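Inspection log for the structure reproduced underneath, given as structure tokens.
Each chain gets a letter, A, B and so on, in the order its sequence line appears, and its residues count up from 1. On a predicted model such as this, the values are computed, not experimentally measured, just so you know.
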Amino acid sequence: MPELPEVETLRRQLEKILPGSEVLGIEVFDKSRIGELENICNCRVEEICREGKFLKLKLSGGREIVVHLRMTGHLYWLEKGDIPPAKHARLLISFLQGKICLIDPRRFATVEIRTQDKCQLKILDAYRDSITGKDLKAAAKSRKIPVKNFLLDQKEVAGLGNIYVCEILFRAGIDPWKKSCDLTTMEWNRIIKEFRPVLKRAIACRGTSVSDWKDLLGEKGSYQEHLQVYGREGQPCFRCKNPVQRKPIGGRSTFYCPVCQGVSQKK
DNA sequence: CCCTATGTTCCCAA
DNA sequence: CTTGGGAACATAGG
């Protein structure tokens, strides 16, 4: 479910509550998927970080809780005394003032306790890092996969998922099927130019609630009101009025305007 | 029964 | 060794 703006929304909300708080306990309900977690009581939360779609609670003593929400995970804040939802609650992290509850119907989310990695390889963050067209042009040299799949590859640029990649490619006027190695530096520049405005607006909207995304406090985001193509199959393109189309790439729905993005038929 | 779903990883083949 | 494609993971909803 969550892409970069949704994870960043959670990070900002947790940042208002948690720093300085002591972890009182972690309770795993779904041990078969999440596994046992090391006891980290007595640690305090020092910082909440996001790296791509990973959320990290950095703890005193050098460890961190690393959460990845995958498809359907979300975090929900429980005030002291609140009861976790009956359905799909997979884990609780308790603090004096309340608890973080991981809700995850499809059970793909992961949670780990790790030692903080000082000298990790830096992944390029789609929002925080400034990336140039030349960088991507170089990285895509010899890559024959569609540009859409390249942008979804978290090792190239971290944070984008299906919704925001569709939006960015539409705004940049790029054919999602175009081979990555065939894009010019100018085309990569057009794509990069859309990263920050799209993600910044989506963060300001607290994410996109097209199905069931809710933030830490159970509120829907509002970026769905700003989507240009995602979910608009059959509706007129906002730019040229021709119908938006949907076709799979690598098994994932891809929404696009064949006219504005120059997509040939038969695809 | 069919298809779809905001993500990632693994396996296999070229 | 690298690259790309598809299945797999598990569950709900239309």
Take atom NZ of A:Lys179 and atom P of C:dT3, then tell me their distance rounded to the nearest Å. 15 Å
Kindly point out which of C:dT11, B:dA5, B:dT6 is positioned nearest to the side chain of A:His88? C:dT11
Rounded distance in Å - NE2 (A:His74) to P (C:dA12): 13 Å
By nearest atom, which of the nucleotides B:dG7, C:dA10, C:dT3 is closest to the A:His68 side chain? B:dG7
A:Lys155 NZ to C:dG4 P, in whole Å, measures 12 Å
Are side-chain heavy atoms of A:Lys214 and A:Glu219 found at a separation under 4.5 Å? no
Looking only at the side chain of A:Glu6 (C-beta and beyond, no hydrogens), which of the listed nucleotides B:dT6, C:dA12, B:dT8 gets closest? B:dT6
Of all heavy-atom pairs linking A:Glu64 and A:Thr115, the shortest is OE2-O, 4.1 Å
Between C:dG6 atom P and A:Arg252 atom CZ, what is the distance in whole Å? 14 Å
Test log, rule side-chain contact (heavy atoms from CB on, under 4.5 Å), inputs A:Trp177 and A:Val263: CA-CA 8 Å; A:Trp177 280 269; A:Val263 180; 3.8 Å; yes
Side-chain N or O of A:Gln154 closer than 4.0 Å to phosphate OP1/OP2 of B:dG7: no
Find the partner of B:dT9: check Watson-Crick (N1-N3 plus N6-O4 or O6-N4) and G-U wobble (N1-O2, O6-N3) distances, both under 3.5 Å, and reply none if neither fits. C:dA7
Tell whether A:Thr208 reaches the base of B:dT6 with its side chain through a donor-acceptor pair below 3.5 angstrom. no
Quick check for you: among C:dG4, C:dA10, B:dG7, whose closest atom lies nearest to any side-chain atom of A:Ile145? C:dG4
Rounded to the Å, how far apart are A:Asn149 CG and C:dT3 C1'? 13 Å
Measuring only the P atom in each nucleotide, how far is C:dA10 from B:dC11? A whole number of Å is fine. 15 Å
Does the pair A:Arg107 and A:Thr72 meet the rule for a side-chain contact (heavy atoms from CB on, under 4.5 Å), with working shown? CA-CA 8 Å; A:Arg107 303 167 70 207; A:Thr72 54; over 6 Å; no
Pairwise 5' ranking along DNA chain C for A:Pro146 and A:Pro105, keeping only the more 5' one: A:Pro146
Write down the atom of A:Glu46, the atom of A:Leu59, and the distance for their closest heavy-atom approach. OE1-O, 3.9 Å
When we call it a touch if two heavy atoms are under 4.0 Å apart, what does A:Ser142 touch: a base, just sugar-phosphate, or nothing? sugar-phosphate
Taking the side chain of A:Arg106 as its heavy atoms from C-beta onward, which of B:dG7, C:dG4, C:dA10 lies nearest to it? C:dA10
According to the 5.5 Å centroid and 30° plane-angle thresholds, does A:Phe108 stack upon the nucleobase of B:dG7? yes
Using whole Å, report how far CG of A:Leu10 lies from C1' of B:dT6. 13 Å
Let me know the distance between CG of A:Leu152 and C1' of C:dT3, rounded to the nearest Å. 17 Å
I want to check something: taking the side chain as every heavy atom from C-beta on, are A:Gln261 and A:Pro176 in contact at a cut-off of under 4.5 Å? yes
Do A:Ile113 and A:Ile26 touch side chain to side chain, with heavy atoms closer than 4.5 Å? yes
Mind checking if A:Tyr230 touches a base, just sugar-phosphate, or nothing, with heavy atoms under 4.0 Å? sugar-phosphate
Is the phosphate of B:dG7 approached by A:Lys53 (side-chain N or O, under 4.0 Å from OP1 or OP2)? yes
Roughly, in whole Å, what's the span from CZ in A:Arg33 to P in B:dT8? 15 Å
Whole-angstrom distance between C:dG4 and B:dA5, as gauged at atom C1': 23 Å
May I ask you to say what A:Arg143 touches in the nucleic acid, namely base, sugar-phosphate or nothing, with a heavy-atom cut-off under 4.0 Å? sugar-phosphate
Closest listed nucleotide, where the reference is the side chain of A:Arg70 and the choices are C:dT3, B:dG7, C:dA10: B:dG7
Looking across every strand, which nucleic acid part, if any, lies under 4.0 Å from A:Asp212 by heavy atom: base, sugar-phosphate, or nothing? base
What integer number of Å spans the C1' atoms of B:dT6 and C:dT3? 26 Å
